[in-house]
Amino acid sequence: MPHRHPIIGGNWKMNTTRASAAALAAAVADGVRTAAAAPEVVVFPPFPYLLEVGAVLTQHGGRVALGAQDVYHAPGSGAFTGEVSTDMLRDCGVTHVLAGHSERRHILGESDELVGKKARAILAAGLACVLCVGETLEQRKAGQTDAVNERQLRAGLDGVPAADLARVVIAYEPVWAIGTGLTPTVADVAEMHGFIRQSLVDRFGAAGRAMRLLYGGSVKPGNARELLGVAEVDGALVGGASLVAEDFLAIARSYIE
Ligand code: PGA
């Protein structure tokens, strides 16, 4: 089995103030700066705080990467009011970008096709793409879990050049587990991650085997070790618990033996 460097991502969503974002970034960065064998740690602050958080992360050891929660897919610059480009993100020191987070799919109405465009744009810009997939409770109850995840994976990675696959990270996040405190059983996570891994290997061969595959949805210090210990789980995308430095660090420490 290829060695896959674990990733712990902190998705801050529409939370923090300028001051609290800087303080959180400093605490997270200080918490991992001396760790001997750390996972890759990435935080995803709101757009307005990217520059400041990036500067704080650099000042506090430079071991935490800067991520963005979204991006617009059009290349270059242009008349897209309210949108942010890959060039702008790179200019701010961003290295990782989320695509297809369930809140963007289900609250903002992003289609599979749009998510695919964003994923390709992120990768074309040389950035790492964290492609989020996951079924709703209705879809799960209707027996559509595999089909939904397969469809989102296909559309999300449609047309991605082979050379870019090493920068793809998949986050499996069952929508019903996000922000609810509910988590799938370890057996459910094992089954879904096995299914997604097989789909990636069938499609991309060795590149699919090397891709990091994260779990997301109500990951907390109390359940991190169990969830992150599941076969084919290469880390976590953390929402609520990433807003408290100690909790986020405790989750990251599941990988710092
Ligand atoms: P949560 O969010 O940890 O608050 O459930 C996870 C996510 O949305 O990535």
Side-chain angles (χ1 to χ4, degrees), residues 6-16 20-21 24-25 28 39-47 49 53 64-71 94 96-110 115 118-119 122 128-137 139-140 145 148-149 152-153 156 168-186 188-189 192-193 196 211-230 233-255:
I7 301 186
I8 303 293
N11 175 10
W12 297 358
K13 308 190 181 185
M14 197 175 75
N15 294 294
T16 68
S20 74
L24 179 56
V28 169
E40 193 173 329
V41 178
V42 192
V43 293
F44 298 85
F47 283 144
Y49 309 143
V53 166
V64 176
L66 185 65
Q69 298 173 20
D70 187 34
V71 70
V94 165
H96 296 62
V97 188
L98 302 182
H101 189 276
S102 76
E103 284 143 22
R104 299 215 58 88
R105 292 180 190 269
H106 298 292
I107 301 175
L108 284 306
E110 289 193 7
V115 173
K118 291 186 177 195
I122 291 163
C129 174
V130 182
L131 173 67
C132 306
V133 299
E135 79 287 353
T136 63
L137 191 56
Q139 290 165 332
R140 176 164 278 257
T145 300
V148 167
N149 283 283
Q152 292 180 351
L153 279 177
V168 173
V169 177
I170 305 293
Y172 168 62
E173 303 199 295
V175 178
W176 49 275
I178 296 179
T180 58
L182 301 172
T183 50
T185 63
V186 162
D188 285 340
V189 174
M192 278 317 295
H193 277 246
I196 292 170
M211 230 174 248
R212 270 90 53 92
L213 187 43
L214 314 184
Y215 168 77
S218 296
V219 177
K220 311 280 179 224
N223 61 20
R225 237 170 234 283
E226 186 178 41
L227 290 166
L228 300 183
V230 174
V233 174
D234 306 310
L237 187 56
V238 185
S242 74
L243 296 171
V244 179
E246 261 323 302
D247 289 353
F248 186 60
L249 288 167
I251 293 166
R253 268 185 226 113
S254 305
Y255 279 115

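Order of appearance sets the numbers: ligands from 1, and atoms from 1 within every ligand.
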With a 4.0 Å cut-off on heavy atoms, is Ala177 touching ligand 1?
yes
Using modelled atom types and a 3.5 Å cut-off, is there a donor and acceptor pairing between side-chain atoms of Thr180 and backbone atoms of Trp176?
yes
Show the nearest heavy-atom pair for residues Pro39 and Ile8, with the distance to one decimal.
CG-CG1, 3.9 Å
Polar contacts were defined as any N/O atom of the residue lying under 3.5 Å from an N/O atom of the ligand; does this apply to Gly240 and ligand 1?
yes
By number and element, which atoms of ligand 1 are closer than 4.0 Å to a non-hydrogen atom of His101?
7 (C), 8 (O), 9 (O)
Could you pull out the closest heavy-atom pair between Pro221 and Ile251, with the gap in Å?
N-CG1, 3.8 Å
If you take the nearest heavy atom of each of Ala171, Gly217, Gly239, which one is closest to atom 3 (O) of ligand 1?
Gly239
Taking a cutoff of less than 4.0 Å between a non-hydrogen atom of the residue and any ligand atom, is Gly179 in contact with ligand 1?
yes
With a 3.5 Å distance limit and no angle check, can you tell me whether Glu226 reaches the backbone of Asn223 through a side-chain donor-acceptor pair?
no
Considering only protein heavy atoms, which is closest to atom 9 (O) of ligand 1, and at what distance to one decimal place?
Glu173 OE2, 2.6 Å
Side chain or backbone, does Lys220 bring an N or O within less than 3.5 Å of an N or O on ligand 1?
no
Sidechain-backbone polar pair: Asp234 side chain, Pro6 backbone, donor-acceptor under 3.5 Å
no
Any Gly216 heavy atom less than 4.0 Å to ligand 1:
no
N/O to N/O below 3.5 Å, does that happen between Lys13 and ligand 1?
yes
Is there a donor-acceptor pair under 3.5 Å between the side chain of Arg105 and the backbone N or O of Gly100?
yes
Closer than 3.5 angstrom, by distance alone: can the side chain of Glu173 be matched with the main-chain N or O of Gly134 as a donor-acceptor pair?
no
